[in-house]
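Just below is one structure, and these are the notes that go with it.
Basis for what follows: all heavy atoms, side chains included, without hydrogens, waters or symmetry-related copies. In what follows, chains carry the letters A, B, and so on, assigned in the order in which the sequence lines appear, proteins first and then strands, with residues in each chain numbered from 1.
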There are 2 protein chains.
Amino acid sequence: MQFSSKLAIATHILLVIAEFSEKEKVTSDVIAGSTNVNPVIIRNMLLKLQDAKIIQTKAGVGGSELTKPLNKITMRDIFYAVEEDKDLFKFHANPNEDCPVGRNIHKLLDKRFDNAKEVMFDELSKITLDQLKFELDKLIKK
Amino acid sequence: MQFSSKLAIATHILLVIAEFSEKEKVTSDVIAGSTNVNPVIIRNMLLKLQDAKIIQTKAGVGGSELTKPLNKITMRDIFYAVEEDKDLFKFHANPNEDCPVGRNIHKLLDKRFDNAKEVMFDELSKITLDQLKFELDKLIKK
DNA sequence: ATAGTTGTAATAAGACAAATTACAACAAAC
DNA sequence: GTTTGTTGTAATTTGTCTTATTACAACTAT
């Protein structure tokens, strides 16, 4: 199992906005063209990124812009903007309460799963859009 | 998105074996009863745990036993025994190669995604069955 | 008013998890 | 050597979630 592509797509969206929104109008169709993802999916993500106060998009007119400096936007922020905050690992639904293991498995694993999730997101929180754009610009200039 | 319940189920399986296999024959039906998971699912997992050399099960006779000391089995081992080693985060399939962002998004995120995955599994590798059984036995005695 | 865009609902297609049914292969016990 | 209980394995089904798609109302500058 793995996460959906929402984080990669949302990051792509924000990089396109960061790179081009000062010169051109970055519409959902422009982004759809760059990502090769359906425009409706893009628009739904733009809505979520708006809810998270990461971008602002102009209904009617069209075009999106960042509302924060690039170094204040982390990949953890982006993740939580577009994905649900579910537990990382699922449990089986109905372990047998009459078995000592079944009765305690949830308690045993819960905090350990949470901890594994936390260190991963801590790692994502260290990555800012700033860093990504800096590295991207270097790659483009070559 | 989240992982399947395979890790939780496999850990449950191994704890049942660790707890009871010295006294009783732990068959797939016994485990199915404790987990409330279909016996065929359990048997498939037992096969994978055998492939990973974590347990041994007796075809025909029935019953499974651990082949390693409890402190040599980590939750990372268990995960890789029963789940595929996929990337943690997916990418969108066909970013536009004519766009500077689309052309570089994969390169930008790949190592960062891998790193986030790595720290999570490092955390899982610190959890041994030993620790889980110790904590379980404390809970049972209460 | 028009044109281009966003916001939103509804539906469909594809992938995958988990359950289920069925049965062959196997090994001990009688 | 047949019976019994179990594992190994295939095939099918159900449900859930992701992504794509169609369609259109709402919005805003020109």
Interatomic distance, A:Lys25 NZ vs D:dA29 P [rounded to whole Å]
11 Å
Counting only side-chain N and O atoms of B:Ser4, is one of them less than 4.0 Å from OP1 or OP2 of C:dC16?
no
Hey, is the main chain of A:Gly33 close enough, under 3.5 Å, to the side chain of B:Asn96 for a donor-acceptor pair?
yes
With a 4.0 Å cut-off on N to O distance, would you call B:Lys48 and B:Glu83 a salt bridge?
no
Would you say C:dT6 has OP1 or OP2 under 4.0 Å from some side-chain N or O of A:Ser28?
yes
Does A:Gln50 place a side-chain N or O at less than 4.0 Å from the phosphate oxygens OP1/OP2 of C:dG7?
yes
For the side chain of A:Thr27, counting heavy atoms from C-beta on, which of D:dT6, C:dA19, C:dT6 is nearest?
C:dT6
Check every atom of C:dA18, D:dT19, D:dT21 against the side chain of B:Ile41 and return the nucleotide holding the closest atom.
C:dA18
Distance, rounded to the nearest Å, where B:Ile55 contributes CD1 and D:dG8 contributes C1'
13 Å
Is the ring pair B:His106/B:Phe91 parallel, tilted or perpendicular, if the boundaries are 30 and 60 degrees?
parallel
Lys/Arg-Asp/Glu bridge criterion (N-O < 4.0 Å) met for B:Arg76, B:Asp122
yes
Once you round it to whole Å, what is the distance between C1' of D:dT19 and NZ of A:Lys6?
9 Å
Send over the distance from B:Ile42 CD1 to D:dG8 P, rounded to a whole Å.
13 Å
Whichever of A:Val61 and B:Leu46 has the more 5' nearest nucleotide on DNA chain D, that residue is B:Leu46
What is the distance from CZ of B:Arg43 to P of C:dA22, rounded to the nearest Å?
14 Å
Tell me whether the side-chain N/O atoms of B:Asn38 come closer than 4.0 Å to OP1 or OP2 in C:dT20.
yes
Between B:Ile31 (CD1) and D:dG5 (P), how many Å, whole number?
19 Å
Without decimals, in angstroms, what is the distance between B:Lys90 NZ and C:dA15 P?
10 Å
Selection from C:dA22, D:dT7, D:dT18 that lies nearest to any side-chain heavy atom of B:Val40
C:dA22
Please figure out whether B:Asn44 or B:Phe91 has its closest DNA chain D nucleotide nearer the 5' end.
B:Asn44
In whole angstroms, the gap separating P of D:dG8 from NZ of B:Lys58 amounts to 13 Å
Answer yes or no: is there an ion pair linking B:Lys53 with B:Asp77, defined by an N-O contact shorter than 4.0 Å?
no
What's the closest nucleotide to the A:Thr57 side chain, out of D:dG8, D:dC17, C:dT6?
C:dT6
